[in-house]
Protein chains: 2
Amino acid sequence: MTTRVPGSTPPRPNTGSARPRQADVAAAAGVSQATVSLVLGDNPERLALSEATRERVALAARSLGYVPNPVARRLAAASTDLLGVFTFSHAFPVEVRDSYYPFLVGVERAAARLGYDLLLFTGTSPSNVGDDGADSAAVQKVRLADGCLFLGRRVPEVELDRLLACRFPIVYIGRRTELGGRLSYVGADYVAGAAQVVDHLVGLGHRRLLYLRGTDDVVASTDREDGFRRAVAASGEGVQGEVLRAYATSVDARALRAWRERGISVVVTEENDTNDLLAALLTAAREDGARIPQDLSIALLGEDRSLPESEVTGFRIPRQQMGEEAAALLVDLVTGARSGPVQWLLEPTFLPGTTTGPPAVSGPAAVSERTPSTAAEGDLHG
Amino acid sequence: MTTRVPGSTPPRPNTGSARPRQADVAAAAGVSQATVSLVLGDNPERLALSEATRERVALAARSLGYVPNPVARRLAAASTDLLGVFTFSHAFPVEVRDSYYPFLVGVERAAARLGYDLLLFTGTSPSNVGDDGADSAAVQKVRLADGCLFLGRRVPEVELDRLLACRFPIVYIGRRTELGGRLSYVGADYVAGAAQVVDHLVGLGHRRLLYLRGTDDVVASTDREDGFRRAVAASGEGVQGEVLRAYATSVDARALRAWRERGISVVVTEENDTNDLLAALLTAAREDGARIPQDLSIALLGEDRSLPESEVTGFRIPRQQMGEEAAALLVDLVTGARSGPVQWLLEPTFLPGTTTGPPAVSGPAAVSERTPSTAAEGDLHG
DNA sequence: CTGAAAGCGCTTACAG
DNA sequence: CTGAAAGCGCTTACAG
């Protein structure tokens, strides 16, 4: 047994298990290493090489089993062919597994098509949370890639500003207004989506609409509210919209009854990860004995993804397409095909569903005439 | 406007937008580039640096926003803190979205905990399929990472052998027998899982068991069959097991009736992506008027993941745990904490379900006495 | 305790 | 059409 100094490797182990380099191919083919690079790489000057040399090099490469070292290639070429994906939390959550998946599907497809691999940054590790220095390093790590996609609600402005300052390509999935509009993004057009839903409701005859939004001030939530307001305003004078911020726990039969007594014939709520507002609303309707959609219409600014085949009227955010377009846009930014902040909004697809219908013919008085339980019995079996 | 030769970049643009290198930090701190490397890298010699120097360098690095270039680190024979994930197909399939997700959840968690990021290789692009050379390059790309996890049924032996030869750390998720047992893996113990199910059935009183397997010769399928055979053999002389290879389309009421008339009281089948065999079996049972589990018991070597709350007797493959352990093992291989092929099998969790019960008291004759339709009517409402 | 140097395996101007 | 050289941004012995 020989004593070996740890880490002391012979200059070039001739074990045969070592991976052949361009230099080895060059030696075998009797050309220079640079020529090998020219022949094997997909450079435009390839045409400037003699057919004979090319064949000789190709043969030598094949017989030696040469495979380019991607690391060296990337260091030299200053590109990694890697697209970063930063999620601020687990990219693969178990609780709300739907959250990122559709985006990732699109991102992967576009990346594969365009010849990029994906670098998934495994959320901020516990030790980094709250520590600004470490957190900053976490975000800066994205520079390993040629560019980076950001998902999730957090926007670390200082870090992103720094990245933007070095012209590091960034694309957000979801609209972001931070950093003075300098962030590129591919988002959903909630205004258009809300208009689809509101127009559908107004077309059915509804005149008093209630919009129930959560208490979270995220862009997706604010944009939905904004879309609702605009769509109602665009519907003309006869249509009244009301917006209420609510916790799911405060949405119960009593509240619902009060709304209905005030003449509200449809409640629109927002989609979120858990759709707790929708669930609370459906429960409240059941308890209040309101048939859907005969007595009450319910719509969602978004989609109920908790059930495979949900029938709630709403719209589908084109998540996969957003992922694809975001990745494609990022590649354009990386290659220089585009520049500057690019901001796209993709229009959702309207989902007619079965939870909306014409408003009940009876006025508010009719609602209060029946007790909830009686109504429920009658409605279900009548 | 100045004419610029394409690609001609100044030696070192002083725009401040460029990404800082160790050399820049060194200049700012008034030390050599190598000292910066020593201070910033996590090398053991770190202690041999004066506190003053370290602080100066750290300060300069922070103020410049220095982030080490992982590609350069990797080339310089260090590590990238990257774990590769190679899937041979889309990592995020849309059709059978359950397939990789649970593994990825575990992989991400372990990676995050251990301080690694994930490099997802975006499946073989269409142009690479079938082309050996390009395909080989696709697999070789994994060397960008410190090590790589492989998922999926394909095992490109030549490529993996090459990686193994350069001692590149590889861990398969799922048992693999290729390459003469030199592949490390973390798999599911199907033999143990099958024993759980068979023991349960025999304990209920079943003596004639039929195992219906698909026609695909993948390890997971073969291992299940093997597990079934062994468990039956271990049950003693009174228990008979039969194995049948079948397409889902060939499993119908007639076939089922024939089996039952031969005294088979329970049909066990295998889990696969679509669980088509299980579906065919349930349909056949319904058409044959066999109540489950009163007239016929049905069990799965695996789990029915098509429904959120499936009640089929079977076992759950600990997919998330497999992902976690595979990633942790890979890290051990990368750091040298372990070496050589390491092969782990994780025991599944038994799922009692509601599709198995004691065998029907009546013998085969009883089965043929009734016509299917009559039986169905009587069974459902009697 | 710190610096100068070599080298990882490529790509890319630049000469010949 | 091909070669010699520099350089990508690091790490790691090896000197001082």
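The structure presented is a predicted model; accordingly, all values stated were derived computationally and were not measured. Letters go in sequence order (proteins before strands), and every chain restarts at 1. Hydrogens, waters and symmetry mates are skipped; everything else that's a heavy atom, side chains included, is used.
- Partners of B:Ser32 by side-chain hydrogen bond (donor to acceptor under 3.5 Å, both in side chains), not counting sequence neighbours, listed by chain and number: B:Thr35.
- Atom pair A:Glu55:CD and D:dT2:P shows a separation of 12 Å (rounding to whole Å applied).
- Atom CG in A:Leu40 sits roughly 16 Å away from atom C1' in C:dT12 (whole-Å rounding).
- For A:Asp146, there are no salt bridge (charged side-chain N to carboxylate O under 4.0 Å, His left out) partners at least two apart in sequence or on another chain.
- For the pair B:Arg73 CZ and C:dG7 C1', the computed distance is 18 Å after rounding to whole Å.
- Listed by chain and number, the residues in a salt bridge (charged side-chain N to carboxylate O under 4.0 Å, His left out) with A:Asp81 amount to none (sequence neighbours excluded).
- Counting to the nearest Å, the P atom of D:dT11 and the CG atom of B:Asp146 are 13 Å from each other.
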Short N/O separations, protein against nucleotides 3-6 of chain D, under 3.5 angstrom:
{"unit_1": "D:dG3", "atom_1": "OP2", "unit_2": "A:Ser32", "atom_2": "N", "d": "3.1"}
{"unit_1": "D:dG3", "atom_1": "OP2", "unit_2": "A:Thr35", "atom_2": "OG1", "d": "2.7"}

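- Distance check: A:Leu164 CG to A:Leu183 CG gives 6.0 Å after rounding to the nearest 0.5 Å.
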Dot-bracket, 5' to 3', for DNA chain C please: Watson-Crick or G-U pairs under 3.5 Å, [ ] where pairs cross earlier ones, | where the partner sits on another strand, dots elsewhere. |||.||||||||.|||

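- Straight-line distance from the CG atom of A:Asp81 to the P atom of C:dC10: 15 Å, rounded to whole Å.
- Residues forming a salt bridge (charged side-chain N to carboxylate O under 4.0 Å, His left out) with B:Glu324 (at least two apart in sequence, or on another chain): B:Arg113.
- Atom CZ of B:Arg21 and atom P of D:dT11 are 14 Å apart (whole Å).
- In terms of the salt bridge (charged side-chain N to carboxylate O under 4.0 Å, His left out) criterion, A:Arg62 has no residue partners (sequence neighbours excluded).
- Each salt bridge (charged side-chain N to carboxylate O under 4.0 Å, His left out) pair with one or both residues in residues 84-93 of chain A, not counting sequence neighbours, would appear here, but there are none.
- Residue B:Gln22 contributes atom CD, which lies 6 Å from atom C1' of D:dC10 at whole-angstrom precision.
- Put simply, CG on A:Leu82 and CG on A:Leu118 are 8.0 Å apart, with the number rounded to the nearest 0.5 Å.
- Side chain of B:Ala76, nearest nucleotide from D:dG9, C:dG9, C:dT11: D:dG9.
- A search for ring-ring contact (aromatic ring centres under 6.0 Å, His included) contacts involving B:Tyr172 returns B:Phe150, not counting sequence neighbours.
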